[in-house]
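For this chain, numbers begin at 1 and follow the sequence in order.
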Amino acid sequence: KAEQQVASDVAGTFTALNVAPFELKLPESVKFQDAMQKYEPNGKTNLLAFTGWQAADFTIEILQQLGGCPARDKFISTMQSTGYDGHGTIGATIKFHQPNLCSWFAKLTAAGYEPVGSQAVCGQLVHS
């Protein structure tokens with residue numbers, strides 16, 4: 001199979017991830033995987049889908065915080081001022097429209113990701 005050939009070609013290389021690898025089995029990752037299995041068993045439980053889950057989760061948190069039917073400007077201003085950490089899967093608390101300075105690292109294997117450490121590695125924003 002082509003997938004197996006690609007997997008063996010990239011095995012041993014390292015990559016940065018914007019969220020924690022599923023192999024760490026963090027509670028939010030497990031919650032996502034369980035929900036996907038329950039509601040969309042044939043769906044892709046990859047990191048791209050998980051990023052969508054986080055965007056929806058953050059939006060729900062803002063709506064719950066505001067209650068009722070908030071005006072668009074109140075929703076946006078609250079979103080811009082509220083921190084979100086993906087329930088531990090992002091590596092730091094970030095704010096909307098601010099860069100995430102943390103990455104998780106993993107070694108690619110023929111079977112998937114092999115996490116490098118159990119914490120995200122974070123840097124600092126460099127100003128010119």
Side-chain angles (χ1 to χ4, degrees):
K1 251 180 147 175
E3 288 177 357
Q4 291 171 335
Q5 179 62 44
V6 171
S8 65
D9 287 347
V10 299
T13 61
F14 292 84
T15 188
L17 308 168
N18 62 340
V19 294
F22 293 145
E23 290 78 4
L24 291 175
K25 300 194 182 315
L26 297 180
E28 189 68 9
S29 301
V30 172
K31 181 179 173 183
F32 162 73
Q33 291 174 308
D34 289 348
M36 286 294 289
Q37 185 61 41
K38 180 177 180 180
Y39 298 110
E40 191 59 42
N42 296 322
K44 299 286 185 188
T45 55
N46 57 35
L47 295 179
L48 182 60
F50 187 50
T51 300
W53 166 278
Q54 289 179 319
D57 181 61
F58 180 59
T59 300
I60 291 166
E61 285 185 15
I62 298 301
L63 291 171
Q64 288 175 334
Q65 181 179 338
L66 293 172
C69 186
R72 181 182 303 210
D73 62 335
K74 184 67 175 166
F75 176 81
I76 291 172
S77 66
T78 303
M79 182 179 277
Q80 290 173 332
S81 65
T82 302
Y84 182 74
D85 72 351
H87 305 280
T89 61
I90 294 176
T93 300
I94 59 173
K95 289 191 177 176
F96 186 74
H97 271 262
Q98 293 182 352
N100 179 4
L101 301 176
C102 299
S103 292
W104 299 79
F105 290 91
K107 181 179 179 181
L108 298 172
T109 69
Y113 293 121
E114 182 181 301
V116 176
S118 60
Q119 300 289 321
V121 176
C122 301
Q124 294 180 333
L125 187 60
V126 176
H127 298 280
S128 55

Distance-only check: which donor-acceptor pairs under 3.5 Å involve side-chain atoms of residues 20-49, not counting sequence neighbours?
{"unit_1": "E28", "atom_1": "OE2", "unit_2": "W53", "atom_2": "NE1", "d": "2.9"}
{"unit_1": "N46", "atom_1": "OD1", "unit_2": "L48", "atom_2": "N", "d": "3.2"}
{"unit_1": "N46", "atom_1": "OD1", "unit_2": "A49", "atom_2": "N", "d": "2.8"}

**Fill in**
Separation between CD1 (I62) and CD1 (I76), nearest 0.5 Å, reads 11.5 Å

**Prompt:** Can you tell me how far the OH atom of Y84 sits from the CD1 atom of I90, to the nearest 0.5 Å?
**Reply:** 6.0 Å

**Where G67 and P70 come nearest, the two heavy atoms and their spacing** = O-CD, 3.6 Å

**Prompt:** Atom NE2 in H97, atom CD in Q80: separation rounded to 0.5 Å?
**Reply:** 6.5 Å

**Request:** Would you please say whether a donor-acceptor pair under 3.5 Å links the side chains of E61 and T82?
**Result:** no

**Message:** Could you see if F96 belongs to whatever hydrophobic cluster contains L66? Use Ile, Leu, Val, Met, Phe, Trp, Tyr and a side-chain cutoff under 4.5 Å.
**Reply:** yes

**Asked** Which heavy atom in I94 sits nearest to a heavy atom in P99, and how many Å separate them?
**Response** CG2-O, 4.5 Å

**Message:** Suppose the criterion is disulfide bond (SG atoms under 2.5 Å apart): which pairs have a residue in residues 32-117, not counting sequence neighbours?
**Reply:** C102-C122

**Message:** Working to the nearest 0.5 angstrom, can you tell me the gap between T15 OG1 and K107 NZ?
**Reply:** 14.0 Å

**Message:** So F105 and V121, do their side chains get closer than 4.5 Å, heavy atoms only?
**Reply:** yes

**Message:** Assess the residue pair D57 and H87 against the criterion (side-chain contact (heavy atoms from CB on, under 4.5 Å)); give the C-alpha distance rounded to whole Å, side-chain angles, the decisive distance to 0.1 Å, and a yes or no.
**Reply:** CA-CA 10 Å; D57 181 61; H87 305 280; 2.8 Å; yes

**Request:** Output the distance between atom CD (Q65) and atom CE (M79), rounded to the nearest 0.5 Å.
**Result:** 10.5 Å

**Item:** Residue pair V19 / W104: nearest heavy atoms and the distance that separates them
**Value:** C-CD1, 3.2 Å

**Prompt:** Under a single-linkage definition using a 4.5 Å side-chain heavy-atom cutoff for Ile, Leu, Val, Met, Phe, Trp and Tyr, are V10 and Y113 assigned to the same hydrophobic cluster?
**Reply:** yes

